[in-house]
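The structure appears below as structure tokens.
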Amino acid sequence: MNNEAVIKEIKKLKKELPVTIVAHFYQRDSVYNLADITGDSLELAQKASKDPNPYLIFCGVGFMGQSVKILDPQKRVFMPRLACCSMARMMEVEGFHQSVQKLKEAAINTEDFLPITYINSTAEVKAEVAKLGGLVCTSSNAKEIIKEALKQEKKILFVPDRCLGQNIANEMGLRSAVITEDILSIQQADIICFDGFCSVHQLFTPEDVDFYKEKFSDILVAVHPECDPKVVAKADFVGSTSQIIKWVKAQPIEQKIAVGTEFNLVNRLREKNTFVLSSTKPECPTMNETEPQHILDVLVSIKNKTYLNEMFVDEETSKWAKVALVRMLER
Ligand code: SF4
């Protein structure tokens with residue numbers, strides 16, 4: 001079946017079945033354009049869990065589909081591709097426990113710190129964070145959540161993204177350390193970060209910013225806080241995916257802008273005077289796994305009751321991970 005026929009069939013089955021298609025901003029256009037709901041991680045978790053349809057086809061990566069399933073266990077969530085965010089995979093439960101142990105070695109006990117996990121983490125890590133009184137954040141709300149958490153006069157254990165934790169610490173004038181650093185550095189830090197990172201946002205370099213600033217004297221540079229702090233330090237605007245979109249759209253049409261985030265999203269902003277802040281094509285390989293044919297395969301399986309790639313989270317993990325997510329959503 002050619003692509004046109006696949007899309008026609010998807011639209012036909014969508015009319016027959018109580019299904020909602022959800023797509024993250026980083027999905028390829030052919031998938032993104034089929035979605036009923038689009039957004040970044042926070043928007044998708046909020047909107048998708050409130051959607052009335054019993055079946056949800058989630059075009060994104062594993063932790064996103066898991067989050068919806070955890071927030072609304074009655075909903076049947078399907079992933080057209082069982083794609084996993086490379087950052088989420090960098091921290092298993094053992095990695096979290098090892099980090100807690102390292103803090104103990106620095107005489108920072110569980111009552112002395114609050115764990116916060118970026119939403120780009122497995123359900124199991126979210127559950128462990130909840131058990132220690134912690135919560136989830138996204139790149140949209142991380143700063144506010146950290147600000148509130150610091151009122152408890154505790155240190156923050158921030159997992160799994162090192163860059164997001166360091167960038168917020170820098171912005172707020174706080175001291176940060178990476179969990180792999182020496183005991184003294186950890187003891188002196190306000191925010192201790194796990195050493196995970198996004199393989200896509202790591203592609204942007206300070207030299208990329210210099211290149212565009214030298215090429216166009218009046219250009220503005222916007223980057224995602226998953227970029228390295230050295231890149232963030234040179235940018236004019238730092239924000240989550242949704243915040244970047246809003247900021248770019250608010251600029252005058254003649255304003256030149258270079259954006260340091262995933263390619264598919266930046267490409268959609270190109271009607272403005274917008275450039276991708278990289279000489280490479282910074283696509284998220286796992287986000288890009290999904291194609292329209294995979295959506296069709298799931299729709300056919302729902303129709304035939306064979307249910308391809310359904311997401312499940314075990315009850316105990318789900319119970320605790322929900323605590324961490326709800327603490328974020330209800331704050
Ligand atoms: Fe994960 Fe980075 Fe891909 Fe986002 S862009 S899903 S953080 S690997």
Side-chain angles (χ1 to χ4, degrees), residues 22-29 31-32 35 37-45 48 58-68 77 79-92 95 116-126 136-142 158-168 193-205 208 222-229 231-232 235 238-245 259-269 276-278 280-291 294 309 311 328:
V22 173
H24 189 271
F25 284 134
Y26 296 171
Q27 291 290 308
R28 61 177 74 232
D29 285 354
V31 168
Y32 184 85
I37 300 175
T38 56
D40 64 12
S41 309
L42 178 60
E43 290 169 334
L44 294 182
F58 202 112
C59 307
V61 287
F63 74 83
M64 298 177 179
Q66 273 185 336
S67 297
V68 179
V77 181
M79 306 285 297
R81 296 296 286 167
L82 294 173
C84 194
C85 162
S86 60
M87 182 199 289
R89 288 185 69 177
M90 285 176 197
M91 179 175 244
E92 306 286 349
I116 298 179
T117 181
Y118 191 23
I119 197 165
N120 298 29
S121 54
T122 63
E124 288 75 14
V125 167
K126 290 183 179 83
V136 172
C137 74
T138 70
S139 50
S140 309
N141 61 23
F158 193 85
V159 302
D161 187 15
R162 169 179 58 81
C163 294
L164 182 57
Q166 287 177 324
N167 284 324
I168 290 171
C193 308
F194 187 71
D195 200 15
F197 58 87
C198 165
S199 48
V200 181
H201 289 93
Q202 289 301 296
L203 295 173
F204 303 103
T205 64
D208 290 329
V223 299
H224 193 281
E226 286 170 18
C227 292
D228 190 272
V231 176
V232 167
V238 185
S240 68
T241 311
S242 297
Q243 290 162 345
I244 288 177
I245 294 171
V259 182
T261 189
E262 206 273 347
F263 176 80
N264 284 310
L265 181 145
V266 183
N267 205 31
R268 266 178 233 125
L269 294 169
V276 183
L277 182 74
S278 178
T280 59
K281 199 178 175 193
E283 281 178 316
C284 176
T286 46
M287 285 279 190
N288 268 278
E289 281 185 29
T290 308
E291 298 199 27
H294 303 126
N309 293 350
M311 297 296 287
M328 167 183 74

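Quick caveat: nothing in here was measured; it's all calculated off a predicted structure. Remember, it's 1-based here, ligands and their atoms both numbered in the order they're listed.
- Between the side chain of D161 and the backbone N or O of M87 there is no donor-acceptor pair closer than 3.5 Å.
- The aromatic rings of H201 and F204 sit tilted relative to each other, their planes meeting at an angle between 30° and 60°.
- Between S86 and S199, the side chains place a donor N or O and an acceptor N or O closer than 3.5 Å (distance only, hydrogens not considered).
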Run the side chain to side chain contact (heavy atoms under 4.5 Å, CB included) test on S242 and F25 for me, step by step, so that the C-alpha distance in whole Å, both residues' side-chain angles and the decisive distance to 0.1 Å come before the verdict. CA-CA 9 Å; S242 297; F25 284 134; 3.6 Å; yes
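- Under 2.8 Å from atom 3 (Fe) of ligand 1, one finds the following protein N/O/S atoms: C284 SG.
- Atom CG of N167 and atom CZ of R162 lie 9.0 Å apart (nearest 0.5 Å).
- Judged by distance alone, the side chain of K126 and the main-chain N or O of S121 form a donor-acceptor pair under 3.5 Å.
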